[in-house]
Amino acid sequence: MIEFDHITKRYDDTEVVSDVSLTVEPHTVTVVVGTSGSGKTTLLRMVNRLVEPTSGMIRIDGEDNRSVPEFELRRRIGYAIQGHGLFPHRTVAENIATVPTLLGWENARIKAKVEQLLTLFQLDPDFFGARYPHELSGGQQQRVGVARALAAEPNLLLMDEPFGALDPIIRAKAQDDLLAIQKHFGTTIILVTHDMEEAFRLADKIAVMDKGEVLQYATPAEMLVRPATPFVEALIGSSERPFRLLAIETAGDAVEPGGAEGEPIPATLSQRDALSELLWSGRAALPVAAADGAVIGKVSLAGLVKRAARPE
Amino acid sequence: MASLSNLARLSVLLLLLVFLLQPIWFEPLLRPLVQANAPAIYNRGSLFWLTILHLRTVFIATVAATVVAVSLAILVTRKAGAEFLPVSRSLVNIGQTFPPVAVLALAVPIFGFGEKPTLIALFLYGLLPIFENALTGLTTLPPAVMEAARGAGMTERQQLFKIELPLALPVILTGIRLSVVISLATATIGSTVAAKTLGEVIIAGLQSNNLAFVLQGGLIVAVLAVLIHDALQGLERALSSRAHV
Amino acid sequence: MAIGIIGDTERKPLAFDKLGAIVAALAAYGALLAPFATFKANRIVQGETRAIWEALPPLLGYGLIALVTVAAVIALLRTPLTVRMASALAVLVALCFLAGAAADNLTPPDNAYARVSPASGFWILLFAFALLVADALTRLNPGPVVRLLFLAAVLALVGGMLFAGVWDGLSILKEYASRADTFWAEAGRHLTLALGSLAAATVVGLPLGILCHRVDRLRNSVLGVLNAIQTIPSIALFGILIAPLGWIAAYVPGAAAIGIRGIGVAPAFVALFLYSLLPVVANTVVGLAGVPRAANDAARGLGMTDWQRLATVEFPLAFPVILTAIRIVLVQNIGLATIAALIGGGGFGVFVFQGIGQTAMDLVLLGAVPTVVLAFAAAIVLDALIEMAASDRSQGRAA
């Protein structure tokens, strides 16, 4: 659990973060969204003390983050940034081994960890381990950047626009991978982005920041239904609202009893994608299949339209 | 292609060594350049030893300049030394407008004749390109890499030795290479203040109007400079080809 | 709730400036412990050193110490930049005047043999406060015009002091007095060598650079050869050129008549010319390569011929980079021309090497100081011109 307790950061006379208090639950993904200059990156960097707050306190699992030397604190917290920041003079394996080496792990343990992570990120350890970062594609570099951040098995992972430099298709894949890995390790993630789409895709809770203040801190559904300010509403984009609402839940959550004609859609598909399938196939309903392929019911156009409407 | 030029390098090096150890074999080549009774091969000392002494002077001055220049560059790029950064940049710019000969000439009144003023002049002048390049290397590190190093929990010392210096190394080496080439040339002029270098051969030739002396002294230094320049450049390439940013 | 205390923008009331601390330490050493002037009974013998209070009349001596003290304290504390600079400049001007005064004070009347020169204390003080001026100037970051005016003011002040005879008692000017004619002749030769070879290199190097830019295969070989020439030490190149030029003088009819000789100005000129080619050609290539593709395409699309494009688009855009090459070459040539003296080419090197030969350090200084001043002035002037050319270009872009 990470608690921001009345955090303020001032540079000379400008306040970049103003009295922010919020609590991040363990094992969740919290996305901080805002325009550039909103103070979101500064807020993130105060967690691992790359920036020191002017006033206020940040507690990690109840403990003031200033109670240990900063370099020790940072070794416990994963950190992934835009443009990956891989060390160009070190191989992929050496890059991933950075924090374990700093922590003095045994060689065998480091080696095993590097292989595990590379495999998890679908990079062949034998092929990629000895490569230098410049030999990798942008998407591969980014994956290595996240793998490096996770190498010392941190409970908390901070990510600053980690997918900002990727093209849309690779970005979508990277986001899916991140969610899978978050489930795998149960890591608490705080991620900063300016991309609302990304926020809705990843977040358990979203914090919207503007001019140093947190305007709203809520679950995606709540934020859609009850945006706290016109700014939040504008950021969500009014024309996107129904689709974002549908994107939050899966087709499995919208299953109605009964059968339908056509190719079954997987229950894990988002309701938004299910709607898309319905519209494209020109049918009023499609069967829904569970992971084992068994049909568990149907989703209907009418049912989804009802779900996309503003809840009372 | 690469092996061919390596072959060329090797043969130039061998030719140089043979010339230094058995200059008399080349006497017929140089004979036409001098008057009938004048010696065609430098006869007031061993060319080989002069070369060794020349290289020794350059080596000592460069090592000292590298240690001092890199330490200073590290100092002014830390928080504690940041106040000195602007002035050290302008000092380097000003210093490089000083001609090497002037530095040598100005060292003589303070340190007298011989090896000492030459070493001091080579050291002082050698500082500048190394310091400038070390400064460039240490101040133009990719911000994302430094951010990642800090975020990974490296201490300042670990950042310096594991990230900053290795990444700046190719640029620092370029500075050392520039410095060595300048020093090889300036050491020659050191002979005008009685330092034992290859300049002795050239100056003896100029004084006694012996073109063969001038040519052999000049060519030895030139070949040394080209070989060393080439070797250091190869080293830089090898280092920076890995560390693509 | 804990409050984080961050003090990076706060200033303590009595904060010391780190550079100021070094300047103050140097000033204390230079003023109190090191000798201010050296007195020699004649130009060859070992000198005796004199501290400030021995070298100067009491009023001036203690006045200087007081001034240095005030300026050192100003440097030590965090004072405004302009105040620091003004006080440092005041010390520098006082030092210049008092060096002359020390010479007049120490030289016995009607003694033409005695020599007085500034000693380590003087140079340390000069260095310390020049450092302070350099720091203040760097931080104030004046524009090119202001820098040029500043240079002009300094040169005018130094010229005025020379003309007024403030330094006539100093040994370096006594050396000058006994060879005033040769001094100006050598100065002329020095400048001819440095500027003439630059001009020749520009005339040859620009077209060569343009050619290299257009013809890929030529580029690598030309730059390779020029790079190799750069690595040959100057004294060696000067010497090596004696052979072919001597041959030309002997066997090519008319060559000797136009001044080509194995030794003398000709090999020096050719050597400087060869050294100058690399920066000019390389920067022309770099400058032209840096011209935005869009600008070139637009020029082609507008129907310009290759020549029109070169003259109206490429060359103006590459100009600041080419000017940078001229700066490098000029500063380098002013220094290298000193070495021409070793092969009879003349220039300020004549005094340097004569002085070294006679162990007369004042004579060395007579050659070295003008060389350094020239190189320094050339660097400042051309840096200013480069900045103006570059800002013209960027303004042109914005418009």
Side-chain angles (χ1 to χ4, degrees), chain B residues 33 80-91 93-94 96-106 108-110 112-113 181-182 184-189 191-194 198-199 201-203 205-206 209 211-215 217-230, chain C residues 17-19 22 117 120 123 130-132 134-139 141 227-228 230-240 242-243 246 262-263 331-332 334-339 342-344 348-349 352-353 355-357 359 361-362 364-365 367-369 371-372 375-380 383:
Chain B
L33 293 171
E83 272 181 57
F84 296 103
L85 188 59
V87 78
S88 47
R89 272 187 207 279
S90 15
L91 272 188
N93 285 335
I94 294 168
Q96 281 178 331
T97 62
F98 271 62
V101 197
V103 178
L104 182 67
L106 295 174
V108 173
I110 309 170
F113 283 84
V181 171
I182 296 171
L184 276 169
T186 314
T188 336
I189 306 164
S191 290
T192 60
V193 297
L198 285 164
V201 184
I202 301 172
I203 288 163
L206 290 171
N209 208 2
L211 207 51
F213 283 9
V214 175
L215 201 63
L219 280 179
I220 295 172
V221 184
V223 169
L224 283 177
V226 170
L227 283 176
I228 294 175
H229 181 272
D230 194 57
Chain C
D17 186 272
K18 283 179 190 157
L19 181 70
I22 288 183
S117 51
S120 58
W123 296 113
L131 196 65
L132 207 56
D135 180 57
L137 268 180
T138 314
R139 286 170 197 269
N141 195 15
N227 251 318
Q230 262 322 265
T231 58
I232 304 176
S234 48
I235 191 172
L237 187 58
F238 283 47
I240 290 167
I242 294 177
I263 58 165
V331 171
Q332 174 184 293
I334 290 172
L336 283 177
T338 326
I339 298 169
L342 283 178
I343 52 166
F348 286 127
V352 172
F353 292 115
I356 287 173
T359 64
M361 289 314 144
D362 302 319
V364 171
L365 286 178
V369 171
T371 314
V372 170
F376 193 35
I380 292 179
D383 278 340

So which part of [X] gets closer than 4.5 Å to some heavy atom of chain C, the side chain, the backbone, both or neither?
X: B:L91; value: side chain
X: B:V101; value: side chain
X: B:A80; value: both
X: B:V221; value: both
X: B:I220; value: neither

Carefully, step by step, assess C:Q332 and B:Q96 under the rule side-chain contact (heavy atoms from CB on, under 4.5 Å).
CA-CA 9 Å; C:Q332 174 184 293; B:Q96 281 178 331; over 6 Å; no
Hey, which of [options] has the most heavy atom pairs under 4.5 Å with chain B?
options: C:N227, C:D135, C:L336, C:I334; value: C:D135
options: C:T338, C:L19, C:V364; value: C:L19
options: C:L237, C:L342, C:L132; value: C:L342

In sequence, state the C-alpha distance, the side-chain angles, and the governing distance for B:T97 and C:V372, and then conclude on side-chain contact (heavy atoms from CB on, under 4.5 Å).
CA-CA 7 Å; B:T97 62; C:V372 170; 5.9 Å; no
What part of [X] is in contact with chain B, defined as an atom under 4.5 angstrom from a non-hydrogen atom: side chain, backbone, both or neither?
X: C:L131; value: both
X: C:F376; value: both
X: C:D383; value: neither

Has the side chain of C:K18 got a donor or acceptor atom that lies under 3.5 Å from a matching backbone atom of B:A82?
no
Starting at CG of B:L224, measure out to CG of B:L184 and round the result to the nearest 0.5 Å.
6.5 Å
Please walk me through it: do B:E83 and C:D17 pass side-chain contact (heavy atoms from CB on, under 4.5 Å)?
CA-CA 8 Å; B:E83 272 181 57; C:D17 186 272; 3.6 Å; yes
From CA spacing to verdict: side-chain contact (heavy atoms from CB on, under 4.5 Å), B:I202, B:S191
CA-CA 9 Å; B:I202 301 172; B:S191 290; over 6 Å; no
Heavy atoms only, distances under 4.5 angstrom: which of B:I189, B:T192, B:V201 has the most pairs with chain C? Name it, please.
B:T192
Which one wins on heavy-atom pair count under 4.5 Å against chain C: B:P86, B:G199, B:A102, B:A225?
B:P86
Residue pair C:I343 / B:L206, side-chain heavy-atom distance below 4.5 Å:
yes
Quick one: list whatever passes side chain to side chain contact (heavy atoms under 4.5 Å, CB included) with B:T186, sequence neighbours left out.
B:P100, B:L122, B:I182
List in chain and number order the residues that pass ring pair (Phe, Tyr, Trp, His ring centres under 6.0 Å) with B:F213, two or more places apart in sequence or in another chain; answer none if no residue qualifies.
B:Y42
